[in-house]
Asker: 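Please find one structure pasted underneath; my questions will follow.
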Amino acid sequence: MEKQKYYITTAIAYTSRKPHIGNVYDPVLADAIARFKRMAGFDVFYLTGSDEHGQKIEELAKEAGISPKEYVDGVAAQIKDVWDCMNVSYDRFIRTTDADHEAAVEKIFQKLLEKGDIYKGEYEGKYCVPCESFFTASQLGEGGVCPDCGRPVTDAKEEAYFLRLSKYADRLVQYYEENPEFFAPLSRKAEMVNNFIKPGLADLCVSRSTFSWGVKVKEDPRHVIYVWIDALSNYITGVGFDPDGSKPSFDHYWPADLHVIGKDIVRFHTIYWPILLMALDLPLPKRVLGHPWVLVGEDKMSKSKGNVLYADELAEIFGVDAVRYYLLSEIPFAQDGSITYESMIAKFNSDLANTLGNLVSRSVAMADKYFGGKLSRPVAFDDEIDQDLIACEKKTFETLNQSIDNLHVGDGVNAVMDFAKRCNKYIDETMPWALAKDEAQKARLEAVLYNLLESIRRIAVMLYPFMPATADAIHTALNLTTGHTLEEVTAPFGLVEAFAVTPCQPLFARIDADKLIKELTEKEKAKKKAEKEAKKAQKKEEAAPAGPCTFDDFCKIELVCAKVLECENVPKSEKLLRFRLDVGDEERQVLSGIAKFYKPEELLGKNLVLVKNLLPRKLMGYESHGMLLSSEAEGVLRVLILDPETPAGARIG
RNA sequence: CGCGGGGUAGAGCAGUUGGUAGCUCGUCGGGCUCAUAACCCGGAGGUCGUGUGGUUCAAGUCCCACCCCCGCAACCA
């Protein structure tokens, strides 16, 4: 019998920088589903990869002083490493710079152009000349200026290619209606229909000519094919699509059974992508799962906030499976989830160490202690307590199966963990240590321990899609080499004839939360400090070799005498003093980092040297308009104090 | 009146077609000793954002009004 196919994809990761824990959610979620489907006997193809074209990449490469290709090679390798580190079992890691992909995208564009679904038109918008970029009205900054440089924009037109969306709008809506499963969660449908389809679909501009890093339009190489056409096409090129004749694998796997993506790009996958496919006369994907985001605490991760968590760093502390487990069990289906070191530790200790790890540990230890690790299958499972346990296990699998079906992956993992709890309870109900004291109960004791190990084995099988390494570790502890097919849990309870186990290391050692948090914050502090110092050193280095300074250059610096009117410490700051200065024609607020060396009152009324025309800067929430000069020797700062007779505002030169 | 999501115990969430308010963590008390100071049982804790609102025999659940939070608005998973 031929296996049923299951084609699953993730969003391809943008190669702008190293992926963080949120980026990893997507492939991990898809991985759990892919692994489950494989266990269920499906012929699974799991596609993931990286999106490598676009203006941003071009810019980043330029900044780094390397070619775009060199740049994306570096980041794509990083992405792949992180995916591999997280044990993501993809069948292909596609890069949009792969030759087969680029060739196919070029042809796809060409084909649609010939068909008339893509046409050449004019793009009208606001244009910033210095930045050479177009913006839509909504992108503009306050007052209608360029969001990048703040300068005014002009109306401009540019030749561009467009995809006819309106032509397919009705068919798209019809598809939505006929396939209620297409959207997961369903709420995303209303979002799309209300926001984009109801107002009317404007044709989509699918080319750019302001940068060149991308797939060029064949007959018009000034134009680069819009990144989304390029990126979305990976789902078909990844399995061998070619407008001139696809590989058999394409006909076999397409249409995709599931696209796993983040909620922010649902629009691209449920509107543009289906339309693109319709234009190509290809069947549409069956489902699109738009998952929520992983926040750090309450905030979105961002570099500027400094709250970015990386999967590989977390894995180093907690282990890969713990990170996978957290993502899969703790992130809700339709709402943004949250991760912090604290919540990660809590989950690790309560679920992995206490419930699961300890269950395995105590069960194996008893099997070893009372029977030298050797247990045979009991003749019957008719004890009431046993039957309840077995029924519970059966229910667990049903829940798991259903959860994967309706994509509530978290419910599935949690069901398995609930069963582990049930097993802990079983130990209390049966009290093996009490049975062990009575020789007459030996058979019962053996049955109880067998039931436990058989339950644990089933837990391991069910856990495999979520925590593959842990599942394997449990099998190893049970001296088994199986564990990768669902038949091993759909078979009646009591599949294994006899166990022969040996005591094992704890699967998850409990974490001392306070200690770890302390270590982490100290590490973080040290890291920040090092970064700061490196930056400072670099700045100094840049500033130092200025060479001889012309008189004209010197004259650019406006030094004046400033009389201190007020001086006080800046709250919460070790170094800063806040001054109000009389500089002759005006009064100014200036901050200076000399609090360690002077008491505010010492400087009151003194005449100091101020760099008057320095650009203002914000320090600890205060604007500083200028800089006070001081000498530095052996780390001690001494401000330059002028003759008391010097009038405020007097030019120094 | 842009669109969408959310507001349920200290925290994080579930609550399917309306029928006695649940789960996990934490907390308090008890039990047990096989195990990773773990495990098991029990208690306390909620006027389910607000409304003397509406429908109903019955509303967290449907309808209405209002308040607050968050996301999106054509290259952020």
Asker: So A/F348, base contact, sugar-phosphate only, or nothing? Heavy-atom distance under 4.0 Å.
Answerer: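 Contact class for A/F348: none.
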Asker: Using distance alone, with no hydrogens and no angle criterion, decide if A/H291 and A/D26 have a side-chain donor and acceptor under 3.5 Å apart.
Answerer: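 A pair is found: one side chain offers a donor N or O, the other an acceptor, under 3.5 Å apart.
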Asker: Do any side-chain nitrogens or oxygens of A/N354 fall under 4.0 Å of OP1 or OP2 in B/C39?
Answerer: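 Checking A/N354 against B/C39: at least one side-chain N or O falls below 4.0 Å of OP1 or OP2.
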Asker: Looking at A/S89, is its backbone amide N or carbonyl O close enough to the side chain of A/D31 to form a donor-acceptor pair, meaning the two atoms are under 3.5 Å apart?
Answerer: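 Between the backbone of A/S89 and the side chain of A/D31 there is a qualifying donor-acceptor contact (under 3.5 Å).
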Asker: When the ring planes of A/F318 and A/F348 are compared, do they come out parallel, tilted or perpendicular, using 30° and 60° as the limits?
Answerer: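 Tilted.
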Asker: Phosphate oxygens OP1/OP2 of B/C72: is one of them under 4.0 Å from a side-chain N or O of A/K263?
Answerer: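 No, no such contact exists.
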Asker: With heavy atoms under 4.0 Å as the rule, sort A/P506 into base, sugar-phosphate or nothing.
Answerer: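 Base: the residue A/P506, judged by heavy atoms under 4.0 Å, touches a nucleobase.
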Asker: Does B/C75 have OP1 or OP2 under 4.0 Å away from a side-chain N or O of A/Y226?
Answerer: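 Yes, A/Y226 has a side-chain N/O under 4.0 Å of OP1/OP2 on B/C75.
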Asker: Just to be sure I understand the rule, does A/G357 reach a base, reach only the sugar-phosphate, or reach nothing, if contact means heavy atoms closer than 4.0 Å?
Answerer: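 Contact class for A/G357: base.
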Asker: For a quick check of understanding: with a heavy-atom distance under 4.0 Å over all strands, which category does A/K421 fall into, base, sugar-phosphate or nothing?
Answerer: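 The residue A/K421 makes sugar-phosphate contact but no base contact.
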Asker: Does the structure show a Watson-Crick or G-U wobble partner for B/C13, both distances under 3.5 Å? Name it, or say none.
Answerer: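 Pairing partner, where one exists within any strand: B/G22.
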Asker: Expressed in whole Å, how much space separates the C1' atoms belonging to B/C67 and B/G53?
Answerer: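 Rounded to whole Å, the distance is 15 Å.
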Asker: OP1 or OP2 of B/A77 versus the side-chain N and O atoms of A/N23: is any pair under 4.0 Å?
Answerer: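 Checking A/N23 against B/A77: at least one side-chain N or O falls below 4.0 Å of OP1 or OP2.
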Asker: Contact class for A/L507 vs. all strands (heavy atom < 4.0 Å): base, sugar-phosphate, or nothing?
Answerer: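 Answer is base: heavy atoms of A/L507 come under 4.0 Å of a base.
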Asker: For A/Y14 and A/H53, indicate whether the former's side chain and the latter's backbone hold a donor-acceptor pair under 3.5 Å.
Answerer: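 Here the side-chain-to-backbone pair exists.
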